[in-house]
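What follows is a set of notes on a single structure, which appears directly below.
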Amino acid sequence: MTRIVIVEDEIDIASVVQDYLRHSGYETAHFADGQSALESIVASPPDLTLLDIMLPRLDGIEVLRRAREHTAHPIIMLTARIEEVDRLLGLELGADDYVCKPFSPRELVARVRAVLRRTAPGSVPGQAPQGDAPGLVLDDVHWRASLEGTPLNLTRREFGLLQVLSRHPGRIFSRARLLELAYDDTVDVTERAIDSHVKNLRRKLGAVSPEHDWIRSVYGVGFAWEAPPQP
């Protein structure tokens, strides 16, 4: 059974999260402080950790930093703090996703499933899991893309963004990280130019599939590829 560690000092929140996760078929363990959680994570890494930032004894950022020295298992941060520095620091240290408080327990479970799906053993690195981007076809050689059989007519910059985002569904990328991953030549591209490229990419995707917003903006952080809901 998939084991999820919940690191949350607010007992009411932890209890609700545990109930929803157990109802969804997951095994859970709860820790109310960062030090105890870190010791458990290092000794026996779970399949996924839900990690609050504001914790007694050891805060969530430091738990993340130290945990990443020992384990690469997926970690989703839970936070009520919206300062950009906290989010960007978390992403650089290896957080797989963020969920901001207050959150819907159902949404949290959906995010847990998405992260577990894309990090499951046997998945091909650098490729989106089957079904996470239905109808999207990328031609890496000729820098071409189509959605539902319709060419998207992307610029090279737009293709680079689409390539990075779509192959890591649900993962949040800062503008700086997108700049680093999507472009091998950054001479004429700034972090703020990423916004313009994303806007154009959304428009072209929306022209083919207007019922779904494929790229999610995450306030203070950047962007993430949003897989359509499974039927």
> Salt-bridged, R111 to D97, with N to O below 4.0 Å?
Replying inline: yes
> Taking C-beta and beyond as the side chain, do L48 and I75 meet within less than 4.5 Å on heavy atoms?
Replying inline: no
>> What I'd like to find out is whether the side chain of T49 reaches to under 4.5 Å of the side chain of I76, using heavy atoms alone.
In response: no
> Which heavy atom of A95 sits nearest a heavy atom of M77, and at what distance?
Replying inline: CB-CG, 3.6 Å
> Can you name the closest pair of heavy atoms from L55 and A32 and give their distance?
Replying inline: CD2-O, 4.4 Å
> In Å, rounded to the nearest 0.5 Å, how long is the span from CD1 of I13 to NE2 of H30?
Replying inline: 10.0 Å
> Of all heavy-atom pairs between M1 and D47, which one has the smallest distance, and what is that distance?
Replying inline: O-OD2, 4.1 Å
> Looking at OG of S196 and CD of E158, how far apart are the two atoms once the value is rounded to the nearest 0.5 Å?
Replying inline: 10.0 Å
>> Which heavy atom of P45 sits nearest to which heavy atom of H73, and what is that distance?
In response: CB-ND1, 4.3 Å
>> Once rounded to the nearest 0.5 Å, what's the spacing between atom OG of S146 and atom CG of L138?
In response: 8.0 Å
> Tell me, do F31 and V5 make a side-chain contact under 4.5 Å, heavy atoms counted?
Replying inline: yes
> With side chains defined as the heavy atoms from C-beta onward, is the minimum distance between L205 and L152 less than 4.5 Å?
Replying inline: yes
>> For R177, is there any backbone N or O sitting under 3.5 Å from a side-chain donor or acceptor partner on S174?
In response: yes
> Got a second to check how far L21's CG is from R3's CZ, nearest 0.5 Å?
Replying inline: 13.5 Å
> Residues in salt bridge (Lys or Arg N to Asp or Glu O under 4.0 Å) with K101, at least two apart?
Replying inline: E8, E10, D52
> Do the non-hydrogen side-chain atoms of S209 and L147 ever get within less than 4.5 Å of each other?
Replying inline: yes
>> Could you report the tightest heavy-atom contact between D59 and I53, atom names first, then the distance?
In response: CB-O, 3.5 Å
> With D213, which residues qualify under salt bridge (Lys or Arg N to Asp or Glu O under 4.0 Å), at least two apart?
Replying inline: R202
>> Which heavy atom of A29 sits nearest to which heavy atom of Q18, and what is that distance?
In response: C-NE2, 4.3 Å
> Which value, rounded to the nearest 0.5 Å, describes the distance between L108 atom CG and Y20 atom OH?
Replying inline: 11.0 Å
> Got a salt bridge between R66 and E69, using NZ or NE/NH1/NH2 to carboxylate O under 4.0 Å?
Replying inline: no
> How many angstroms lie between NZ in K204 and CG in L154, if you round to the nearest 0.5 Å?
Replying inline: 5.5 Å
>> Is the shortest side-chain heavy-atom distance between L162 and W225 below 4.5 Å?
In response: yes
>> For a 4.5 angstrom cut-off between non-hydrogen side-chain atoms, does L50 reach V7?
In response: no
> Taking atom types as modelled, is there a side-chain donor on D33 or S36 under 3.5 Å from an acceptor on the other?
Replying inline: yes
> Is there side-chain contact between N200 and T155, with heavy atoms separated by less than 4.5 Å?
Replying inline: no
> Which residues satisfy the side-chain contact (heavy atoms from CB on, under 4.5 Å) test with S24, sequence neighbours excluded?
Replying inline: Y26, V109, R113
>> I'd like to check the side-chain contact (heavy atoms from CB on, under 4.5 Å) partners of S104; sequence neighbours left out, ordered by chain and number.
In response: R106, E107
>> Just to verify, what does N153 make a side-chain contact (heavy atoms from CB on, under 4.5 Å) with, not counting sequence neighbours?
In response: P151
>> So, using salt bridge (Lys or Arg N to Asp or Glu O under 4.0 Å) as the criterion, who are the partners of R216 when residues are at least two apart?
In response: E226
